[in-house]
Amino acid sequence: MPSSWIGMKVKRVEDPALLTGEGQYIDDISRPGMLHAVAVRSPYAHARILGIDKSAALELPGVVAVVTHDDLPEQMKGQSIPMMVPHPVITADKRPQILCRDEVCFVGDLVAMVLAEDRYVAEDAVALVDVDYEELDCASWVKDAAEAGAPSAHADLATNIAANIDLEYGEIDHAFATASHVITEEIFQHRGSAHSMETRGCISEYDDATGQTRIWVTSQSPHQFKGAFADMMDLVDQDVHVIVPPDVGGGFGPKAVMWPEQFVIPACALIAGRPVKWIEDRREHFMCAYQERDQHWSGELALDAQGKILGLRARLIHDTGAYVPWGVVVPWITCTTVPGPYVIPAYEMRCEVVFTNKVPVTPVRGAGRPQAATFMERMLDIGADRVGIGRDEIRRRNFVQPEQMPYEVGLVFRDGKPVVYDSGDYPQCQAMVLEQANFAEFGQRQRQARSEGRYIGIGTASYIEATGLGPFEGVSVHVQRNGKVIVHTGAAPQGQGHQTMLAQVVADSLGCSFKDITVKVSDTTTIQRGVGTFASRITPNAAPSAHLASNTVREKILKIAAHLLETSVEDLEVEDSRVSVKGVPEHGKTFRDIATFAGAMPGFAVPAGLDAVLEDTVYFAPERATYANGAHCVEVEVDAETGHVSIIKYSTAHDCGTIINPLSVNAQVMGGVAHGIGNALFEWMRYDDHAQPVTMNFGEYLLPTAPEVPNVDQSHMQSPTPLNPLGAKGAGEGGTIPAIAAIVSAIESALEPFGVCIRTVPVTPDALLDLIDAGRQNAGRPDV
Amino acid sequence: MSETWTIKCLINEKPVEREVSVRLTLADFLRHEVGLTGTHLGCEHGVCGACTVLLDGRSARSCLTLAVQVDGMNVTTVEGLGDKTRLSPLQQAFMDEHGLQCGFCTPGMLTTLTELLANNPDPSESEVRLAISGNICRCTGYENIVKATMTAVRYIRDGMPESSEVVD
Ligand code: FES
Ligand code: FES
């Protein structure tokens, strides 16, 4: 047994079930008499609903009901899903309706649910529901939609502006007036969908006996949803029971946010008087699971003669899709993440958040940060070339230095708190990654390759990641009568290994045997409150809660043990679920002895000062977000004839403070990098001029597969944050954030002979071939 | 529409005889009629590989196969590869090398790689990558899946480690 579980590569307790087909995902759950729901969705990007004729569908044997807006319970009629993150900058608060009544605003907007005895029959019936639409003009391209007089995404809105985010600090005009170099660039970024391998799903039943609505849902934030549902239906907490199935097949963002289906399905169960199950299919996931999408950037970077940043000005047009169900979180994070690990004395950001008739935009792994990093790093790459210094050097000259910590950037983050970097050594992280990548000798490798007619390039990018957003995440720790430990948390995992991570913390802090711990997640009846798994926030929020709750339970145990062993607490030690007198290991009591004594003396008083129940619950609430950081370096080879990019070597240096399980942290980085590779090279959710989605399956929308994703050479620094007692920061998104920037930079470096500058991501082979061709023409050397 | 057909097959070595709707997919048959929910559906259009099962030892997409097509065949699902107390070498290697996160793609990875190792007991890393190029994983970045397969090769050749320590 290790002396400390924190920091050990602990194999996951989650795995045996998942490896043998015994996992329990939402579609594995079945309820007696359960009906199957299949959605009727808008085929138009923007249309008015003139009428719905259900009769043909209802005639089909096996169809039980077609639920439309007018069938909803009174409390839901005319309602939209609640706004969980309101913000004063939002000027047009449009959220998805529970079921659309008069107007549909994107292809996939929810119009009705067909309920049938069998899923196959329900799908047949969807085709028979006759919805009469009058098509309206639509806003397809965000840049056009932002113009005055553009077709409106919503019939009752005069403009498509959902919000303006204006941020600034420092003397921006002065910065530009005194600059030696001003870099002006236009950059377009598209970011695709989350595509967890398990789609979304929801099952609900109404319990007549207790009056309770029970909802199983693939949610990253079950307690938030429970509260929202109870509020909408005017119910008390006890009336709503939300359960996330023990296993959820990935999340990556959209499962954290609320969607109409999780409100409609409980309504359907109520209407039908039977349990109802809805499992999204992949086509629906393409069509209506929230995504990230298009950002048009124009930026100006003011540099002095040595390449030091004087100021940065940027304009951003951000496509938010048809609604703002999660407020303006994504563009806000983008706008506050641009400065990254660099000292930027003056900053001005003007962002327009614009409605289009497309799927709503909410966070996907990274939540607007990868775009911010890509913009900033592009500006620095181009700036370095202009000043005539190395791309690594310009970063070194501008890093926030470790002695500047805590470093206040001058912006307010999405938690309403100032952006303050609390710890870390950014220059050191960069040095580590460049060393791993053998950056110093890249020139030699490149010359050698070029002499063989091969184009290789190298790119590096550094980043910060706000993690561990509050307000809190709770954990309860309970030593049961048999001495075994049960841990409850509302922190719903989707594959991150929360159970193992929390068990490690509890084993250390409580002093129990690791094997005695069971961690149960995400059932709203087992812990009062919870926030959710997003923003890389569980380790920095829930792990400290587990630690603090374990400490309290340990104190209770020690007091009882001292009473039983007739000694003082100071003379005792705890190991392996047993308390013994220091130096006399045979003189001791097991947790089981202690728990039995504490809880089982009917009619007798518990001795004064002792607790009968060995339990505690803590909701650790950090003061503000903490910042992880890191640097990536990637070497690529580009085939100048086909535009194919292959990654030769990928290196990362990563600092998420105290590491609890290195296996998990490494794996988060690897998975994050793979997602970033997808964003850099493959993933593009395409629409046409009528806002019709045109990439609707995995043949048209490409996810990275095993041959495209390299092994990742990783190193880790650990700069503990002072903001929680364990010093842990989050690690869920860091792998993704700088990947696009580093890969793009490497491609440019490979294609330097063609003078290629990349201003559009993802970088597709045909776009690269165009750039290479243009380079050949410019150089007057079509044969290069 | 609801025409049915009787099929007989072996599922994880157990004989099964059922009357099934002719349009029922093999995946839905296994999951909802036989109760073997280890086979997962990630796309239902034949690209993600999560639903991969073995038919007479050869990998097949159960989302694109109809239940009636397996009449007379030997079907192996993830449940047939090993159980919690006796993991197969490949399953054990996935656990030891942290080859899974959410576990949703895992059954398809395991069946696909079981086929690979049966045909090629000593694959190179790039052969492993090619073998799973039809299986999408959104969580792991594939590295640990490849590593786990190489470790499984060792386990099969040299025997499994005596006890599987919790800590690596
Ligand atoms: S579900 Fe069969 S290949 Fe994706
Ligand atoms: S482990 Fe989640 S998709 Fe592979």
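Any value given below was found using the heavy atoms of this structure, including those in side chains, with hydrogens, waters and symmetry copies removed. A quick note: this is a predicted structure, and the numbers were derived from the prediction, not measured.
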Heavy atoms only: give me the nearest A/V121-B/R23 pair and the separation to one decimal. N-NH2, 3.9 Å

Kindly give the heavy-atom pair with the smallest separation between A/R12 and B/L100, and that separation in Å. NH2-O, 3.4 Å

The reported gap from CG in A/L19 to CG in B/L110 (rounded to nearest 0.5 angstrom) is 6.0 Å

At a heavy-atom distance under 4.5 Å, which candidate from A/G23, A/A667, A/G250 has the highest pair count against chain B? A/A667

For the interface with chain B, which of A/G497, A/A706, A/S196 has the highest count of heavy-atom pairs at distances below 4.5 Å? A/A706

Under 4.5 Å heavy-atom distance to chain B, tell me which part of A/D247 shows up: side chain, backbone, both or neither. neither

Members of residues 141-153 of chain B whose heavy atoms come closer than 4.5 Å to chain A: B/G141, B/Y142, B/E143, B/N144

So SG of B/C43 and NE2 of A/H195: to nearest 0.5 Å the spacing works out to 11.0 Å

What part of A/N661 gets within 4.5 angstrom of chain B, counting heavy atoms only: side chain, backbone, both, or neither? neither

Using a cut-off of 6.0 Å, state whether more than 12 heavy atoms not belonging to A/R119 lie near its atom CZ. yes

What I want to find out is whether B/R138 reaches A/E683 closely enough, with some N-O distance under 4.0 Å, to be called a salt bridge. yes

dist A/N697:CG -> B/E44:CD (nearest 0.5 Å) comes out at 13.0 Å

Are the side chain of A/R282 and the backbone of B/G42 linked by a donor-acceptor contact shorter than 3.5 Å? yes

Can you tell if the side chain of B/M95 reaches within under 4.5 Å of the side chain of A/P16, non-hydrogen atoms only? yes

Which bit of B/T111 is near chain A, if near means a heavy-atom gap under 4.5 Å: side chain, backbone, both or neither? neither

Per-residue tally against chain A (heavy atom, under 4.5 Å) across B/V47, B/I136, B/I132, B/L87 peaks at B/I136

Flag side-chain contact, heavy atom, 4.5 Å: B/L24 against A/Y120: yes

Side chain, backbone, both or neither: which part of A/V248 has a non-hydrogen atom closer than 4.5 Å to chain B? backbone

Spacing of CE belonging to A/M670 relative to SG belonging to B/C139, to within rounding of 0.5 Å: 13.0 Å

Looking only at B/V78, B/T85, B/T39, most heavy-atom pairs under 4.5 Å shared with chain A are made by B/V78

Which of the residues A/G671, A/S664, A/G62 is involved in the greatest number of heavy-atom pairs with chain B at under 4.5 angstrom? A/G671

Using heavy-atom distances under 4.5 Å, tell me whether A/Q496 contacts chain B through its side chain, its backbone, both, or neither. neither

Is any side-chain heavy atom of A/L18 less than 4.5 Å from a side-chain heavy atom of B/T106? no

What part of A/Y25 gets closer than 4.5 Å to chain B, counting heavy atoms only: side chain, backbone, both or neither? side chain

Residues from residues 112-130 of chain B approaching chain A under 4.5 Å (heavy atoms): B/E125, B/R129

Spatial distance of atom CD (A/E14) from atom CD (B/Q101) [nearest 0.5 Å]: 10.5 Å

Which atoms of A/V712 come close to chain B, meaning under 4.5 Å heavy atom to heavy atom: side chain ones, backbone ones, both, or neither? both

Partner chain A: residue of B/H40, B/M109, B/H45 with the largest heavy-atom pair count (under 4.5 Å): B/H45

Roughly how far, to the nearest 0.5 Å, is CG of B/D28 from CG of A/D27? 8.0 Å

When only pairs under 4.5 Å are counted, which of A/A194, A/P493, A/G251 shares the most heavy-atom pairs with chain B? A/A194

